[in-house]
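A, B, ... follow the sequence lines: proteins, then strands. Residue 1 opens every chain.
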Protein chains: 2
Amino acid sequence: MGTKGNINRQRIVEAADRLFYVRGYNQTSFSDISDATGLPRGNFYYYFKTKEDILDAVVESRVESFSQMLDACMQATSDPYGRLQAFVSMPLQSEQVLQYGCPIGTLSAELGKAQSEHDSRVHMTAVFDLLRHWCVDQFVALGVSAARADQLAMDLLARMQGVVLLASVYNDRAFLQRASRDIQAWLETVIKH
Amino acid sequence: MGTKGNINRQRIVEAADRLFYVRGYNQTSFSDISDATGLPRGNFYYYFKTKEDILDAVVESRVESFSQMLDACMQATSDPYGRLQAFVSMPLQSEQVLQYGCPIGTLSAELGKAQSEHDSRVHMTAVFDLLRHWCVDQFVALGVSAARADQLAMDLLARMQGVVLLASVYNDRAFLQRASRDIQAWLETVIKH
DNA sequence: AGGGGAGTCATACGATTGTCCAAAATTGGC
DNA sequence: GCCAATTTTGGACAATCGTATGACTCCCCT
């Protein structure tokens with residue numbers, strides 16, 4: 001197993017991840033990734049047979065990235081309510097969210113459009129499922145029933161997605177902060193049911 | 001002024017509108033619009049100098065379309081609260097929302113990505129501004145202060161966007177219906193402040 | 001030390017992209 | 001029914017897209 005090989009593969013995935021986020025998947029060409037990495041285009045096909053394979057690797061990378069962030073929320077406190085609070089405040093700590101929106105939401109919206117063949121929606125539900133199940137776990141730990149916990153998790157994700165979308169459309173940092181506080185306040189009222 | 005000219009121009013805009021919604025702006029080619037309309041590609045450039053000009057016309061068309069829908073909400077009842085309820089239930093009546101998401105939200109997410117030159121974000125804020133100001137008017141008519149009305153309008157739009165996004169990601173009609181009812185319930189608690 | 005696989009690189013392919021143009025066809029005013 | 005303006009048409013354009021290939025270099029293993 002080549003050690004340098006995985007290094008280049010990782011560089012490709014990292015550059016593609018950033019470019020897919022900033023410019024979108026369809027608007028990112030192999031030349032763009034080539035320019036960003038310094039690697040010739042022909043080299044990509046040693047690691048990935050097709051562009052969609054790169055997308056798969058990027059999605060996998062984002063799953064890993066969000067998984068680490070959830071771990072950080074877990075280690076912040078042992079209180080499930082505090083963990084959810086930390087989760088809600090997470091978009092506030094990203095500088096790029098206001099410019100390019102949510103990495104999951106915008107990519108899902110893009111891949112939700114009709115392609116020629118593959119229905120890529122399956123990919124992004126994986127990332128959303130990660131967050132969804134984690135939220136369900138927190139709500140269940142707070143004594144909520146499983147069915148109700150799933151409803152609350154969906155509501156929470158929907159509210160965060162909507163807030164980030166509108167904040168990025170209007171480039172409105174103040175709204176992002178205020179709406180995040182409102183979500184946290186809503187969480188508080190929901191817990192003491 | 002040619003009468004047939006405007007007919008063809010309208011056909012182009014209608015086909016582009018549908019294709020931009022179903023397949024996305026960047027993924028829609030001139031050939032696609034040509035196939036959908038039966039008009040040769042060369043004819044497009046008599047009415048539009050560039051592809052972005054077609055996008056402008058499509059956005060203008062969507063503004064008109066949403067404006068008519070708001071008028072329908074206005075004529076449904078004279079009660080501002082009932083009008084807002086009708087507005088919230090609007091995504092429920094669209095069959096395609098579950099498949100392709102919100103026509104405004106998804107296009108905004110796509111155009112919010114970094115292009116080479118033009119910052120097209122200005123276009124979509126126009127459509128969101130239409131809904132935003134209309135909601136503000138309804139809240140003000142209910143006796144809410146202007147500043148608070150704008151906050152409520154942003155909250156309402158954000159919640160609807162988030163619900164539609166997650167519902168389309170999971171293709172979950174039941175969630176779309178339940179979450180819409182929750183938004184309407186939230187509206188009720190907000191009004192009697 | 002040299003054979004072989006892992007990894008790199010330049011180049012090229014056919015298809016498609018947005019753009020443009022110069023005729024042909026159509027139209028309306030007189 | 002003629003002429004000028006408007007509209008239509010089909011093809012050509014340079015560029016770029018994702019894909020593919022084959023020769024090249026490097027390094028490890030026996």
Side-chain angles (χ1 to χ4, degrees), chain A residues 1-20 22-59 107 110-111 113-120 123, chain B residues 1-20 22-59 107 110-111 113-120 123:
Chain A
M1 283 304 174
T3 63
K4 189 176 181 186
N6 282 352
I7 288 183
N8 276 356
R9 195 195 124 103
Q10 188 177 348
R11 285 206 293 172
I12 294 173
V13 173
E14 284 175 359
D17 192 349
R18 211 193 69 246
L19 285 168
F20 289 175
V22 171
R23 318 192 18 154
Y25 170 67
N26 291 304
Q27 282 301 96
T28 298
S29 69
F30 280 67
S31 301
D32 294 330
I33 308 179
S34 173
D35 293 343
T37 57
L39 271 56
R41 276 171 315 188
N43 196 7
F44 299 163
Y45 279 83
Y46 178 74
Y47 299 103
F48 310 97
K49 293 194 192 90
T50 176
K51 192 186 179 186
E52 204 171 311
D53 285 349
I54 301 185
L55 176 61
D56 290 341
V58 166
V59 170
L107 187 56
E110 188 176 0
L111 299 180
K113 297 299 181 181
Q115 308 286 103
S116 49
E117 28 186 357
H118 248 113
D119 197 3
S120 309
H123 293 143
Chain B
M1 281 305 171
T3 63
K4 188 176 180 187
N6 281 353
I7 287 183
N8 276 357
R9 197 195 122 103
Q10 188 178 348
R11 285 207 291 172
I12 294 172
V13 173
E14 284 174 0
D17 193 347
R18 210 194 69 246
L19 286 168
F20 288 175
V22 172
R23 321 196 6 158
Y25 170 67
N26 290 305
Q27 281 301 95
T28 299
S29 69
F30 279 70
S31 301
D32 294 330
I33 309 180
S34 174
D35 293 342
T37 58
L39 271 56
R41 277 168 310 177
N43 193 6
F44 300 162
Y45 278 82
Y46 178 73
Y47 298 104
F48 308 98
K49 292 195 193 91
T50 176
K51 192 186 180 186
E52 203 171 313
D53 284 350
I54 300 185
L55 175 62
D56 290 341
V58 166
V59 169
L107 186 56
E110 187 176 2
L111 298 180
K113 298 298 182 182
Q115 309 286 103
S116 49
E117 29 186 356
H118 248 112
D119 196 4
S120 309
H123 294 143

- [ ] To the nearest Å, give me how far apart NZ (K51(A)) and P (dT16(D)) are.
- [x] 15 Å

TODO: Would you tell me if any nitrogen or oxygen in the side chain of S31(A) comes within less than 4.0 Å of OP1 or OP2 on dC17(D)?
DONE: yes

Task: Phosphate contact (dG7(C) OP1 or OP2) by N8(A) side-chain N/O below 4.0 Å - done: no

TODO: Return the value, rounded to whole Å, for the distance between atom CZ of F44(A) and atom P of dG7(C).
DONE: 16 Å

Open item on the list: Counting only side-chain heavy atoms from C-beta out, which of dT19(D), dA10(C), dT17(C) sits nearest to T50(A)?
Closed with: dT19(D)

Task: Ring centroid separation F30(B) to F48(B) under 6.0 Å - done: no

Open item on the list: On DNA chain C, compare the nucleotides closest to G42(A) and Y46(A); which residue's is nearer the 5' end?
Closed with: Y46(A)

- [ ] May I have the distance from I33(B) (atom CD1) to dT19(C) (atom P), rounded to whole angstrom?
- [x] 11 Å

TODO: Provide, to the nearest angstrom, the distance between the NZ atom belonging to K49(B) and the C1' atom belonging to dT19(C).
DONE: 14 Å

Open item on the list: What is the separation between atom CD on Q27(A) and atom C1' on dT17(C), rounded to the nearest whole Å?
Closed with: 11 Å

Open item on the list: Would you say Y47(B) places a side-chain N or O within less than 4.0 Å of OP1 or OP2 belonging to dT7(D)?
Closed with: no

TODO: State, yes or no, whether a side-chain contact exists between E14(B) and R18(B) at a heavy-atom distance under 4.5 Å.
DONE: no

Task: Student check: side-chain heavy atoms of D32(B) and R23(B) closer than 4.5 Å - done: yes

TODO: Could you check how far CG of N43(A) sits from P of dT8(C), rounded to whole Å?
DONE: 5 Å

TODO: Remember a base hit wins even if backbone is also touched, and classify S34(A) as base, sugar-phosphate or nothing at under 4.0 Å, heavy atoms.
DONE: nothing

TODO: Specify the separation, in whole Å, of atom CZ of F30(A) and atom P of dC13(C).
DONE: 19 Å

Open item on the list: Expressed as a whole number of angstroms, how long is the span from N6(B):CG to dT26(C):C1'?
Closed with: 16 Å

Open item on the list: Heavy atoms from C-beta onward define the side chain here; which of dT19(D), dA12(D), dG10(D) lies closest to that of R41(B)?
Closed with: dA12(D)

TODO: Respond yes when some side-chain nitrogen or oxygen of Y45(A) is under 4.0 Å from OP1 or OP2 of dT8(C), and no when none is.
DONE: no

Open item on the list: Do N6(B) and R9(B) pair up side chain to side chain, a donor and an acceptor below 3.5 Å, judged on atom types alone?
Closed with: no

Task: Close side-chain approach of F44(B) and K51(B), heavy atoms under 4.5 Å - done: no

TODO: Kindly say if S29(A) contacts the phosphate of dT16(D), meaning a side-chain N or O under 4.0 Å from OP1 or OP2.
DONE: no

